[in-house]
Each structure stands twice: as C-alpha cells, then as structure tokens.
K.L.:
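Just passing along the structure, written as structure tokens.
Numbering of ligands and ligand atoms starts at 1, following listing order.
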Amino acid sequence: MLRIAVIGAGPSGFYATSQLLRAGFEVDLLDALPTPFGLVRAGVAPDHPNIKAVTRVFEKTAAAEGFRFFGGVELGRHVTPAELLRRYHAVLYAIGTTTDNRLGIPGEDLPGSHAATEFVAWYNGHPSFAEHRYDLSAEKAVVVGNGNVALDVARMLVLGSEELAVTDTADHAIEALGASRVREVTVLGRRGPAQAAFTNPELLELGELSRADVLVDPADVEATTQDDVRATNRKNVEILRGYAARETSGKPCQVRLRFLRSPVEILGDGRVEAVRVVKTRLVDGRAVPTDEFEELPCGLVIRSIGYRGLPMEGVPFDGRSGLIANDGGRVAGQERAYVAGWIKRGPSGVIGTNKKDAADTTSKIIDDAEAGRLGNPHALEAPAAEAFLQDRVPDLITWQGWAMLDAHERAAGEPHGRPRVKLVRRQEMAEVLGAGKVVA
Ligand code: NAP
C-alpha cells in the first residue's frame with residue numbers, strides 16, 4: 001500500500017486527497033492548524049455560507065477508508081519536508097499562498113495600513129491573527145485592489161451588526177466591526193472597470209447591501225476600454241454602468257468604486273491619514289501613471305492586491321512567482337514530491353478550480369506509482385507514521401478531535417441562529433478537547 005502525506009487541509013489538499021484515496025492510496029492529511037478546511041474556514045467571507053457548504057464534500061472524503069487527519073503539525077517547525085519524504089512514499093504540498101503582495105510604496109507600514117490577508121484571517125477567527133487589533137474609529141477607509149477579496153473586505157466593513165450576528169464571524173470581529181465608525185469605503189483599481197478582477201455575482205452583491213449605497217463615477221465607466229476582454233469583464237462594465245446611473249438612496253454607508261488610480265504613498269503623521277494616488281491611463285492593457293495626483297483622506301487602508309507563497313527550507317521555491325518551483329505539479333528537481341493549488345499555480349480561481357488543478361497533479365502521482373517511481377524502503381506503515389507525528393506534536397489533533405471541536409462550535413452557534421461560534425484560541429480548543437493544555 002502506498003502512503004502519501006498531503007500537507008494542507010484546504011480545498012486543494014482535500015480534492016487531491018479524495019482523488020488519491022479513490023486511486024487506492026492511503027493519505028495522511030496534515031495541517032498546521034488544529035482545524036481543517038484552509039481558506040474555506042479562514043478566508044471565505046462569513047456572509048457567504050453557501051460557499052462554505054463545500055465542507056460537506058470534504059467531510060465525505062474524511063469518512064473514506066485510508067484517510068487520516070493530523071492537525072497542529074507545522075511544516076518546518078515540527079517536521080521537515082525531508083523527514084516526511086523519508087517516511088512516506090510521496091509528499092504533496094497544498095499549503096496555499098499565505099502572505100500578501102506588497103505595494104512597495106512609502107507609508108505602507110504606517111499604523112492603520114493593513115494587508116487584507118491578515119484582516120480576512122482576523123475576522124474569520126484564524127488563531128494566529130486573533131490578537132490583531134484594527135482601529136475602526138475613522139469614517140473613511142480605502143481598500144486597494146480590484147479583486148473579490150477587496151469586495152469581501154469592503155462588504156465586511158459596512159455590514160450591520162445584525163447582519164454579522166447571524167454569521168460565523170469571529171466574536172472579536174463582530175464586536176469590533178459592530179462598534180466601527182467607518183461609513184465610506186473607497187475601493188481603488190489601478191486599471192479600468194473592464195480590467196477589474198471581480199466576478200459578476202460578487203459585484204452584483206455589492207449593489208444589494210442593506211446599509212451601503214454603491215457609488216461609481218459615470219466618467220470612469222465611459223472612459224473604459226473594452227477591447228479583448230472576457231465576458232465576465234464586459235458584464236462587470238454593464239453592472240458598473242448600472243451603478244453609475246443610480247441615485248443614492250441615503251443609506252448610512254457608501255462603497256465608492258474608483259478606477260484608474262494607483263497609490264503612490266500612504267500619508268500620515270504616525271498613522272494613516274490619507275492615500276496619495278496618481279491617475280493612470282491604459283496603454284496596452286497596463287496602467288501607466290499620468291502627472292495628475294489626488295489625495296484621499298482616510299484613517300484605514302486595507303491592501304488587497306493578491307497573495308504570495310512563502311519559501312520553505314527543503315522545498316525549491318521560485319522567488320519571482322512566489323510559488324513552489326514545479327513542472328505541472330511535480331516539484332522541480334525532487335523525486336516523490338508534488339504540489340497542488342495556489343502554491344502551485346498562483347492565487348487564482350474559485351474553490352472548484354482546485355479540483356481540476358489537484359487532478360492534474362494526482363494523475364502524475366498515479367503515473368509515477370504505476371511506473372514504480374514511488375518506491376521508498378524507509379516508508380512507514382500507518383501506526384508508525386502516526387507515532388512519529390505524535391512524538392513531534394504531543395497535542396496532535398485527529399479527525400475525531402476536530403469532530404469534537406466542530407460539534408462544540410455548532411452547538412454554541414445554534415441558540416443564536418449562527419452556523420457556529422468559532423473557537424479561535426488554541427487554549428480554548430485544548431479545553432474543549434479536555435486536554436487542558438495548549439494545542440500544538
Ligand atoms: P485577484 O483577483 O488577483 O485581484 C488582485 C487585484 O489587485 C487586481 O485587481 C490587481 O490589479 C490588483 N493589484 C495587484 N497589484 C497591485 C498594485 N501594485 N497596485 C494596485 N493594485 C494592484 O486577487 P484576490 O482578490 O486576492 O483574490 C484571489 C482569488 O480568490 C481570485 O481568484 C478571486 O476571484 C478568488 N476569490 C473568490 C471569491 C468568491 O468567489 N466569492 C472571494 C474571494 C476571493 P491588476 O489586475 O491591475 O494587476
């Protein structure tokens with residue numbers, strides 16, 4: 001029996017696991033967190049419960065024979081890639097792209113300027129971000145970027161307390177967002193409406209917010225170039241044109257979408273006070289700065305310009321793309337090592353995109369197995385592999401452990417009409433598990 005360690009229990013890790021189990025492999029699915037589901041738990045916006053329902057598919061995978069989950073195992077801290085390669089027939093990295101792209105402009109690190117990656121992890125109750133604090137006392141916020149994460153962040157900033165109260169937003173974030181004074185959120189695109197990376201349903205949803213009007217300058221939409229753009233982009237322009245034609249209805253908040261503006265500096269004396277932008281024009285699809293500048297006063301900046309991977313010792317990394325160096329899913333220059341998901345192809349697509357992406361990698365694993373390329377005389381049987389991990393991580397969380405945490409969270413949410421109340425601190429999780437000690 002060939003045994004594979006899949007690292008990362010997000011969508012790619014789960015899709016790959018399911019495909020490998022069906023092909024007859026045994027899979028140990030490892031995650032740094034005590035909880036599974038990656039960005040479905042810690043990234044997808046809490047007001048999108050339908051997207052989170054994909055976890056039901058992953059739960060079926062977890063019930064299949066040959067599956068084991070080991071939470072709390074941090075690669076590079078508890079075990080190294082080389083140690084796993086020695087003990088399994090193959091290792092598949094599905095570790096996602098965990099950090100943010102940088103704007104590379106002065107003032108980027110002023111207090112009040114934050115990466116969307118962290119803000120999203122904070123409101124979703126990721127344990128590593130639970131202690132973060134966001135000053136939401138200013139009326140104006142700027143979100144940089146024109147992707148779906150920027151829209152998630154803009155929405156979360158203007159949802160009402162009663163809307164948040166029925167979601168699985170972390171309690172600390174419900175409290176902070178409930179007391180927020182933010183009333184105007186400006187979402188900045190460095191290119192035009194036809195180049196925005198929003199998808200249509202997400203852009204439409206922005207126009208249906210109960211507490212916020214969406215504002216678009218008609219001149220921005222009319223100035224757009226639509227040559228060679230995809231149907232999604234053309235539909236976005238249509239939606240934006242509709243927004244530009246709307247009368248404001250006097251809702252307490254506003255989400256303002258502004259285009260052809262690129263931040264050049266975040267200004268402030270000790271903390272964020274404004275964003276200085278240069279107006280841009282499109283040349284061959286690229287945003288080229290003009291000599292016109294503008295200052296947008298604000299007390300909060302969320303930079304939402306995409307994710308990138310972090311290098312890890314023992315795994316070849318392509319610093320330019322921010323991804324694990326690979327050839328269609330086979331890790332470059334290493335035998336029996338594979339990669340899937342965002343850390344393989346970059347942070348793009350929706351959750352389902354990772355199913356096909358994982359299949360492209362798992363088909364190579366299957367080919368390599370059939371060609372006898374996964375032979376490893378040191379590979380451990382299941383009990384020995386567990387003992388090895390248990391030795392490194394005394395508070396290892398199994399699927400049964402997660403099931404206890406899951407049941408606890410759901411039961412806590414039920415009386416309040418919430419899908420769950422998330423446990424966000426490792427100590428709280430340990431207490432639920434009856435261990436009384438810190439989890440991983
Ligand atoms: P994204 O879709 O790649 O968008 C990144 C945005 O940042 C782009 O508008 C990009 O503009 C802009 N940008 C990059 N560098 C910039 C710079 N230096 N200055 C100004 N703007 C800059 O990334 P994302 O929003 O992080 O989303 C990641 C993936 O998750 C996407 O595939 C997204 O659709 C998906 N997602 C889906 C949902 C959903 O389905 N509900 C929700 C969240 C995320 P340029 O195009 O000009 O480079």
K.L.:
Taking the six-membered ring where the residue is Trp, are the ring centres of Tyr134 and Phe119 under 6.0 Å apart?
P.N.:
yes
K.L.:
Is the centre of the Tyr123 ring less than 6.0 Å from the centre of the Phe129 ring?
P.N.:
no
K.L.:
Taking Asp109's backbone N and O only, do any of them form a donor-acceptor pair with Ser113's side chain (distance below 3.5 Å, no angle check)?
P.N.:
no
K.L.:
Using modelled atom types and a 3.5 Å cut-off, is there a donor and acceptor pairing between side-chain atoms of Ser18 and backbone atoms of Phe14?
P.N.:
no
K.L.:
Short question: side chain of Arg181, backbone of Leu136 - any donor-acceptor pair under 3.5 Å?
P.N.:
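Checked: no pair found.
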K.L.:
Are the ring centres of Trp122 and His114 closer than 6.0 Å?
P.N.:
no
K.L.:
Please produce the table of protein N or O atoms sitting under 3.5 Å from N or O atoms belonging to ligand 1, one pair a line, distance to 0.1 Å.
P.N.:
unit_1: ligand 1; atom_1: 9 (O); unit_2: Asn146; atom_2: N; d: 3.0
unit_1: ligand 1; atom_1: 15 (N); unit_2: Arg190; atom_2: NH2; d: 3.4
unit_1: ligand 1; atom_1: 18 (N); unit_2: Arg190; atom_2: NH1; d: 3.4
unit_1: ligand 1; atom_1: 25 (O); unit_2: Asn148; atom_2: N; d: 3.3
unit_1: ligand 1; atom_1: 25 (O); unit_2: Val149; atom_2: N; d: 3.0
unit_1: ligand 1; atom_1: 32 (O); unit_2: Gly349; atom_2: N; d: 2.7
unit_1: ligand 1; atom_1: 32 (O); unit_2: Gly349; atom_2: O; d: 3.2
unit_1: ligand 1; atom_1: 34 (O); unit_2: Asn148; atom_2: ND2; d: 2.9
unit_1: ligand 1; atom_1: 41 (N); unit_2: Glu202; atom_2: OE2; d: 2.8
unit_1: ligand 1; atom_1: 46 (O); unit_2: Arg191; atom_2: NH2; d: 2.9
unit_1: ligand 1; atom_1: 47 (O); unit_2: Arg190; atom_2: NE; d: 2.9
unit_1: ligand 1; atom_1: 47 (O); unit_2: Arg191; atom_2: NE; d: 2.8
unit_1: ligand 1; atom_1: 48 (O); unit_2: Arg190; atom_2: NH2; d: 2.7

